[in-house]
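Computed from a prediction, not measured in an experiment: that's the story for all the values here.
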Amino acid sequence: MRFLILIGVLLALLGSGDVSARWPTVSAQQLRAWLDAIDPPLILDVRGRADYRAGTIAGALDGGMDPRGYLADGNGGRLVLLLPEGADERVTDAWFARLANAGHRVWILEGGLAAWIEAGGTTEVPEFSYTRPGSVPFLIPRGLCEGGEPSQVFD
């Protein structure tokens with residue numbers, strides 16, 4: 001009997017379509033409070049370049065749409081995903097796996113950009129659709145430069 005109840009609960013969770021049932025979420029109001037903190041989370045917009053360029057949360061980075069093409073910095077920390085409306089669960093799973101493997105604690109913004117705007121959050125039309133050196137901490141990987149040492153560290 002317990003086995004049947006467990007199966008029922010798992011099917012309900014997997015088939016519910018409710019993002020919060022599978023992945024941790026954060027409300028727009030809570031994200032606003034986090035962004036005012038001393039150590040704000042990174043916001044990664046994975047809605048695609050066109051949507052990102054049309055307007056995003058101020059300070060968000062364009063992660064593209066394919067998690068295989070995004071190279072997390074490996075420093076971990078809090079990270080909030082801005083997903084496209086109606087995001088596929090397999091894609092969301094892939095983003096979570098990619099970012100969790102890099103040590104990030106990941107949340108999804110409940111209601112996406114629409115909820116952010118409704119909560120009074122600021123948006124911007126980014127000047128660039130790629131990450132500029134110096135806008136986030138990263139270093140050139142060892143072995144890519146002569147002598148096997150990074151030629152320059154950006155922070």
Side-chain angles (χ1 to χ4, degrees), residues 4-141 154-155:
L4 292 176
I5 293 171
L6 178 61
I7 296 284
V9 169
L10 286 174
L11 288 174
L13 286 175
L14 292 175
S16 70
D18 180 16
V19 170
S20 63
R22 296 200 52 194
W23 304 283
T25 60
V26 61
S27 70
Q29 294 82 3
Q30 184 62 45
L31 179 56
R32 288 183 69 192
W34 285 359
L35 292 175
D36 290 336
I38 293 172
D39 185 24
L42 173 66
I43 301 172
L44 190 62
D45 187 333
V46 296
R47 299 174 302 140
R49 180 164 288 155
D51 287 337
Y52 177 80
R53 294 291 310 262
T56 190
I57 296 172
L61 297 178
D62 180 10
M65 293 180 75
D66 186 350
R68 294 173 299 176
Y70 180 75
L71 182 60
D73 65 10
N75 292 331
R78 292 187 301 172
L79 187 143
V80 176
L81 276 175
L82 178 56
L83 294 170
E85 190 174 322
D88 183 87
E89 290 181 358
R90 291 172 298 185
V91 173
T92 305
D93 278 337
W95 275 110
F96 262 84
R98 177 81 167 179
L99 297 167
N101 287 339
H104 289 284
R105 294 182 319 273
V106 184
W107 288 266
I108 293 176
L109 177 60
E110 291 175 2
L113 189 61
W116 176 255
I117 293 169
E118 185 177 314
T122 58
T123 61
E124 68 182 6
V125 175
E127 184 178 344
F128 301 98
S129 63
Y130 54 87
T131 304
R132 296 182 317 261
S135 63
V136 294
F138 75 95
L139 67 99
I140 298 169
F154 298 93
D155 54 15

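- Here the closest heavy-atom approach between residue Tyr52 and residue Ala60 is recorded as OH-O, 2.9 Å.
- Between Leu79 and Leu81 the shortest side-chain heavy-atom distance falls below 4.5 Å.
- In terms of the side-chain contact (heavy atoms from CB on, under 4.5 Å) criterion, residue partners of Asp93 (sequence neighbours excluded) are, by chain and number, Arg22, Trp23.
- Interatomic distance, Phe96 CZ to Ile108 CD1, rounded to the nearest 0.5 Å: 4.5 Å.
- Every residue was checked against the side-chain contact (heavy atoms from CB on, under 4.5 Å) condition with Ala97, not counting sequence neighbours, and none meets it.
- In this structure, Arg49 and Asp62 approach most closely via the heavy-atom pair NE-OD2, 3.8 Å.
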Inset, instruction - Give the intermediate values and the outcome of side-chain contact (heavy atoms from CB on, under 4.5 Å) for residues Val91 and Met65. - result: CA-CA 9 Å; Val91 173; Met65 293 180 75; over 6 Å; no

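- Residues Pro126 and Arg53 approach most closely at O-NE, 3.7 Å, considering heavy atoms.
- Here Trp116 contributes atom CH2 and Glu110 contributes atom CD; the two are 13.0 Å apart, rounded to the nearest 0.5 Å.
- Not counting sequence neighbours, the partners of Arg105 by the side-chain contact (heavy atoms from CB on, under 4.5 Å) test are Arg78, Trp107.
- Partners of Arg98 under the side-chain contact (heavy atoms from CB on, under 4.5 Å) rule, at least two apart in sequence or in another chain, are Pro67, Leu71.
- Between Leu109 atom CG and Leu44 atom CG the span is 12.5 Å, to the nearest 0.5 Å.
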Inset, instruction - In sequence, state the C-alpha distance, the side-chain angles, and the governing distance for Val80 and Leu82, and then conclude on side-chain contact (heavy atoms from CB on, under 4.5 Å). - result: CA-CA 7 Å; Val80 176; Leu82 178 56; over 6 Å; no

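- Residue Leu61 holds its CG atom at 5.0 Å from CG of Leu42, rounded to the nearest 0.5 Å.
- Remark: Glu118 CD to Gln29 CD distance equals 8.5 Å, nearest 0.5 Å.
- Sorted pairs that involve residues 31-44 and meet salt bridge (charged side-chain N to carboxylate O under 4.0 Å, His left out), not counting sequence neighbours, are lacking altogether.
- Qualifying salt bridge (Lys or Arg N to Asp or Glu O under 4.0 Å) partners for Asp88, counting only residues two or more places apart in sequence or in other chains: Arg90.
- Put simply, the side chain of Leu113 does not reach to within 4.5 Å of the side chain of Asp51, judged on heavy atoms.
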